[in-house]
Amino acid sequence: MSANPAARGAAGTEFTAGIPSALQADADAGTAGIGPYRLAWLRLKRNRVALVFGAIFVLMVVLCLLAPVYAHHIAHTGPTENHITDQVKVGGKLTDVVSTDGIPIGPTWHGRFFLGADANGRDVAVRLLYGGRNSLEVAGVATLITMILATLMGAAAGYFRGFTDAVLARVLDLIWAYPAVLLGVALGVTIAVGGLNLGLFQLHGNSLMVPAVIIGVVYVPYVAKPLRGQTLSLREKEFIDAARAQGLSHARILVSEVLPNLLSTIIVFVPLIVANAILLEAALSYLGAGVQDPNPSWGTMISDGIRLIPSAIHLTFVPGGMLVLTILGINVFGDGVRDALDPRATVHLEH
Amino acid sequence: MTPDPAPAAAPAAADATDPLLVVDGLSVSFATEEGIVQAVGDVSFTVGRGEIVAIVGESGSGKSVTAMTLMGLTRSPNARFGGTAQLGGHELVGASADELRRVRGAEIAMVFQDPMTSLDPVYRIGDQIVEQILAHEKIPKAAALDRAVALMERVGIPHARERLRSYPHEFSGGMRQRVMIAMALSCSPQLLIADEPTTALDVTVQAQILEQLRTLRDETGAGVILVTHDLGVVADIADRILVMYGGRIVEQGTLDELFYDPQHPYTWGLLGSIPRLDGPLGVRLPAIPGTPPSLLNTPAGCHFRPRCPEAFDRCGEMPPLVARSPGSPGHCDRCWLEPATKRAQRETDGRIGLRTEGTVIA
Amino acid sequence: MGRFVVNRLASVVAVLFAISVLTFLIFQAIPNGDPALRLAGRLATPQQVQDVREQWGFDKPIYEQYGKTMKLILTGKVTSYTQQLNVLDEVRADAPATISLVTGAAVIWLGFGIVFGLLSAISAGRWLDRFLTVLALVGVSTPVFLLGAVMLYYLGYKWHLFPLGGYVKLTDDPWGWFTHLIMPWTALSVLFIGVYSRVLRSTVLDTLGEDYVRAARAKGLTERRVLVKHVLRNSMIPIISLFGLDFAAAIGGGAILTESVFNLHGIGQYAAESISRLDVPPILVITMLGAFAVVILSAVVDVVYALLDPRIRL
């Protein structure tokens with residue numbers, strides 16, 4: 001059968017547009033009794049690629065969590081221990097970990113210095129896992145901060161409107177106006193020099209929480225703005241009116257009526273923010289405004305590696321590859337989650 | 001799809017000698033995540049020149065899909081088509097994308113349901129009309145603009161020349177629908193398909209738009225397919241009516257045949273649910289009980305059976321669409337009941353309607 | 001239209017003011033310890049710290065500190081502590097490299113983003129779409145500094161295809177300018193191509209479902225015309241606002257990573273160097289200017305937006 005190419009391309013959307021609405025209602029009725037999240041899960045389960053990449057991400061997280069085990073039982077060294085003057089057996093003969101002209105050893109593919117050493121004679125594999133732990137910890141805490149702040153601000157601004165909205169929307173606009181890397185760097189540098197003291201809340205300059213808090217704050221507007229818009233339109237819906245007519249408190253309505261309806265948007269944002277947080281952490285560390293030496297992170301490791309790129313390329317490729325693979329994993333998985341939750345965006349063609 | 005036990009008799013059109021459009025055995029199905037949706041099955045009809053044929057049915061009855069399939073607008077990789085549709089020598093269903101492009105807008109034009117969303121918001125009205133003219137004819141842009149002005153005047157848009165430069169959002173719904181009609185007429189099509197052209201409009205505007213359609217039919221002699229769920233609209237202007245249910249034509253005939261001698265229980269129900277000014281006050285308007293059928297993996301037999309109070313054992317088999325009264329060969333229906341039984345059963349409370357379960361008379 | 005512009009201008013001024021306050025707070029008020037010590041640098045003598053304290057007014061109440069800070073910045077009297085160079089002069093000298101980098105990259109990322117996004121949408125669900133999706137996701141998953149370093153090593157150091165970083169003035173040597181910028185342009189645009197093609201893909205898919213697209217097909221337009229004149233034209237509206245913001249952010253220091261990896265002496269590189277020396281005054285100025293650039297350019301985008309979408313014309 002012939003079909004014009006674009007109509008073919010637009011299949012999913014054109015299909016929904018071309019079929020009378022009752023038919024869609026029927027199609028929905030066909031899967032009645034299955035909640036939207038269960039339905040999304042069923043769709044996600046069919047998306048093999050997304051699941052594989054999701055598994056890669058989980059694997060990376062697990063590997064990084066096992067860093068101390070690897071360090072103790074396999075590499076027999078810590079992430080910050082220098083071995084500049086040590087020697088290691090490679091292929092039966094002793095070799096300097098760092099040669100006399102400063103070039104570190106490459107991958108030995110054995111327990112010690114499995115992925116080689118860096119310029120300070122530190123075990124790259126051990127630092128890679130510990131660095132990943134730091135990167136993921138920073139990204140995880142940052143995502144948590146972003147999601148909590150953004151949900152609170154977005155829901156409050158959209159629900160209460162008026163003055164609350166005006167103030168919160170301006171605050172979001174302000175953060176939004178700064179180039180993300182630059183704002184992160186600015187905060188990172190000032191805090192790294194003196195630490196942060198906001199009364200209850202204290203941070204040391206070299207704490208991992210410094211980049212976590214910075215990244216968490218930087219991404220708030222990206223999530224809060226869409227949530228605010230969604231809350232604004234939810235507020236016009238009848239079920240919110242009904243809840244108010246029942247005399248429920250604002251807090252109760254926000255928690256039991258508004259929040260569940262924001263959940264799918266929040267879910268879609270989590271992997272996106274995790275991926276971007278890992279990237280921003282790496283960027284800040286690369287610039288020296290993130291995780292501080294001697295603590296390893298993928299960003300600092302790449303930054304160190306790039307300086308030695310002609311003589312020891314593994315110092316760039318090992319943490320770089322790990323970083324890209326992890327972010328790609330969460331990104332592809334997140335893409336699949338979004339498609340599963342919002343099938344209008346995907347076009348599945350089954351013949 | 002399962003073929004009918006007896007092939008549908010070729011229905012005699014008002015202008016049987018030379019029908020403009022001949023649709024034969026049209027079927028459309030879509031593959032969806034849940035399964036195959038048989039949106040349209042075994043639909044055959046003709047449209048004569050200068051004839052207004054109405055396709056009536058509920059949402060999901062397949063009437064819009066039928067109309068849009070004639071325009072090739074339902075084509076997509078998950079769609080499957082069967083049957084043929086001939087328009088003055090052009091085959092529409094099997095046409096290549098390029099053949100179809102040349103026909104649509106020139107030979108067949110379409111007026112859509114929602115004029116608020118059917119015009120591109122970012123272009124001026126005049127440019128959108130001119131775009132269609134230039135897609136089919138090699139004439140200078142100035143000539144196309146002049147024609148656009150003439151068209152807009154013809155459909156009753158005042159100050160047409162100035163309004164050419166307006167954007168769609170500066171027009172009211174009724175005015176936009178007039179623009180859509182003007183655009184549809186821009187290449188003097190032989191067939192005009194109006195898909196629920198008045199549904200999104202105010203009642204007063206509805207009447208104007210319908211009047212407009214009739215005038216244009218009279219002036220241009222084009223055939224018109226009017227897709228609607230509103231029998232009131234049909235009573236005004238249609239020459240012939242096709243009633244669709246569950247993707248099939250269940251009854252077809254002239255306006256008089258359908259309104260005064262309806263054969264299919266579904267048609268009775270439709271007629272019974274029209275509010276009447278002379279009807280008794282304080283009585284609920286009768287509605288057809290039940291919901292329209294799912295077109296997903298539909299079981300065999302008459303699609304209306306689950307909602308039909310007259311259903312009997314034979315209804316497990318799909319009835320053919322045939323004429324059952326010798327006096328009116330063009331009046332066909334898809335129901336196993338004897339004509340005499342039909343006449344007796346369709347009278348409820350002194351008017352035509354579908355019995356409801358509560359008022360069953362033995 | 002005039003009213004629209006005036007309103008927008010007023011809000012720009014308000015936001016600029018708010019940004020200056022916030023930036024001031026980030027650098028002077030929020031952090032622990034003596035801001036004079038921080039501004040004067042780690043190796044400053046007590047006398048230098050005292051000078052800084054008086055110059056920036058750290059012994060005065062906070063609103064006076066703000067006034068002094070803004071006066072220093074606006075009159076162009078801020079100097080970096082390590083080199084004692086005027087910060088605004090430095091920024092001005094570095095601007096051409098940044099503008100060359102970002103403008104060229106913007107052309108690339110907009111062009112490829114649109115082409116890939118449109119191709120991906122019209123082949124949705126098929127192998128081309130999947131391939132472009134994977135490509136886009138790899139693009140958004142690769143840090144620009146890693147990509148830049150790998151490009152430098154292979155294309156520059158090993159295979160000698162392109163010069164090893166640095167910036168050549170367009171007026172001095174147009175060809176040199178071009179060859180020095182090819183790798184940075186590519187590296188900077190990869191991330192954005194990924195983002196834009198994904199965004200465009202989904203807006204195109206949405207637009208394809210619009211009634212007016214169906215109506216345009218019914219008019220008998222060629223598929224190409226439907227796609228370009230109706231689908232793409234309407235799908236470009238959200239892309240334009242995204243582009244304004246990203247372009248402004250990149251000009252305002254967001255290209256810091258690309259510049260530092262390719263040793264392009266632009267505003268971002270200046271910021272990066274200042275960071276490594278913990279030289280706060282230039283960072284303060286660049287951060288503030290960067291945010292200013294975003295606000296002003298996004299106001300310009302609003303005007304362009306109104307030109308693109310007749311419904312917004314007031």
Side-chain angles (χ1 to χ4, degrees), chain B residues 64 67-68 70-78 97-125 127-137 165-170 176 179-180 183-184 186-187 189 192-193 195 200, chain C residues 1 4 114 118-130 200 203-241 301-314:
Chain B
S64 285
M68 282 196 278
L70 296 177
M71 292 288 283
L73 293 175
T74 46
R75 290 186 174 197
S76 70
N78 59 347
D98 199 50
E99 283 166 0
L100 195 63
R101 184 192 73 71
R102 273 191 280 260
V103 175
R104 45 159 95 129
E107 310 286 324
I108 322 181
M110 189 150 182
V111 177
F112 292 93
Q113 175 171 358
D114 192 352
M116 307 307 279
T117 55
S118 292
L119 287 162
D120 191 327
V122 302
Y123 293 110
R124 296 175 200 279
I125 295 294
D127 292 340
Q128 298 196 43
I129 300 179
V130 165
E131 183 181 39
Q132 176 162 1
I133 299 173
L134 295 182
H136 298 286
E137 294 173 37
R165 293 186 54 76
S166 303
Y167 286 96
H169 70 277
E170 296 165 327
R176 286 195 217 184
V179 170
M180 291 302 291
M183 201 183 295
S186 62
C187 296
L192 184 67
I193 301 177
D195 185 4
Chain C
M1 192 75 187
F4 176 67
I114 290 171
L118 192 61
L119 283 178
S120 195
I122 64 177
S123 65
R126 287 183 295 158
W127 71 266
L128 180 62
D129 175 40
R130 284 184 197 161
L200 194 70
T203 51
V204 164
L205 283 178
D206 281 348
T207 311
L208 279 169
E210 294 283 351
D211 286 348
Y212 57 77
V213 172
R214 194 177 57 188
R217 290 213 175 93
K219 285 158 82 173
L221 306 183
T222 57
E223 200 51 43
R224 172 194 285 269
R225 194 175 168 92
V226 171
L227 281 180
V228 174
K229 292 277 281 190
H230 295 278
V231 176
L232 190 57
R233 172 68 160 74
N234 280 281
S235 307
M236 281 302 285
I237 294 172
I239 290 284
I240 291 300
S241 68
V301 165
D302 278 358
V303 176
V304 175
Y305 213 89
L307 291 176
L308 273 178
D309 189 343
R311 285 163 295 187
I312 298 176
R313 241 163 256 171
L314 302 173

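Keep in mind the model is a prediction, meaning the values are calculated, not measured. Below, read A as the first sequence line, B as the second, and so on, with proteins coming before strands; counting in each chain starts at 1.
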Walk me through it: do B:Met71 and C:Arg217 pass the test side chain to side chain contact (heavy atoms under 4.5 Å, CB included)?
-> CA-CA 9 Å; B:Met71 292 288 283; C:Arg217 290 213 175 93; over 6 Å; no
Side chain, backbone, both or neither: which part of B:Glu170 has an atom under 4.5 Å from a heavy atom of chain C?
-> neither
Between B:Met180 and chain C, which part of the residue has a heavy atom less than 4.5 Å away: side chain, backbone, both or neither?
-> side chain
Main-chain N/O of C:Lys229 paired to B:Tyr123 side chain as donor or acceptor, under 3.5 Å | yes
Value for CG (B:Asp120) from CZ (C:Arg233), rounded to nearest 0.5 Å, stands at 7.5 Å
Could you please spell out the steps behind the side chain to side chain contact (heavy atoms under 4.5 Å, CB included) verdict for B:Leu119 and C:Asp211?
-> CA-CA 8 Å; B:Leu119 287 162; C:Asp211 286 348; over 6 Å; no
Can you tell me how far the OG1 atom of C:Thr222 sits from the CZ atom of B:Arg101, to the nearest 0.5 Å?
-> 6.0 Å
Interatomic distance, OG@B:Ser118 vs CZ@C:Arg214, rounded to 0.5 Å, equals 6.0 Å
Who among B:Met116, B:His136, B:Met183, B:Met110 has the most heavy-atom pairs with chain C under 4.5 Å?
-> B:His136
Sort out for me which of B:Gly105, B:Ala135, B:Pro121, B:Pro168 touches chain C most, counting heavy-atom pairs under 4.5 Å.
-> B:Pro121
Give a yes or no answer on whether the side chain of B:Arg104 reaches the backbone of C:Gly220 with a donor-acceptor pair at less than 3.5 Å.
-> no
List the steps and the verdict of side chain to side chain contact (heavy atoms under 4.5 Å, CB included) for C:Lys219 and B:Gln128.
-> CA-CA 10 Å; C:Lys219 285 158 82 173; B:Gln128 298 196 43; 3.9 Å; yes
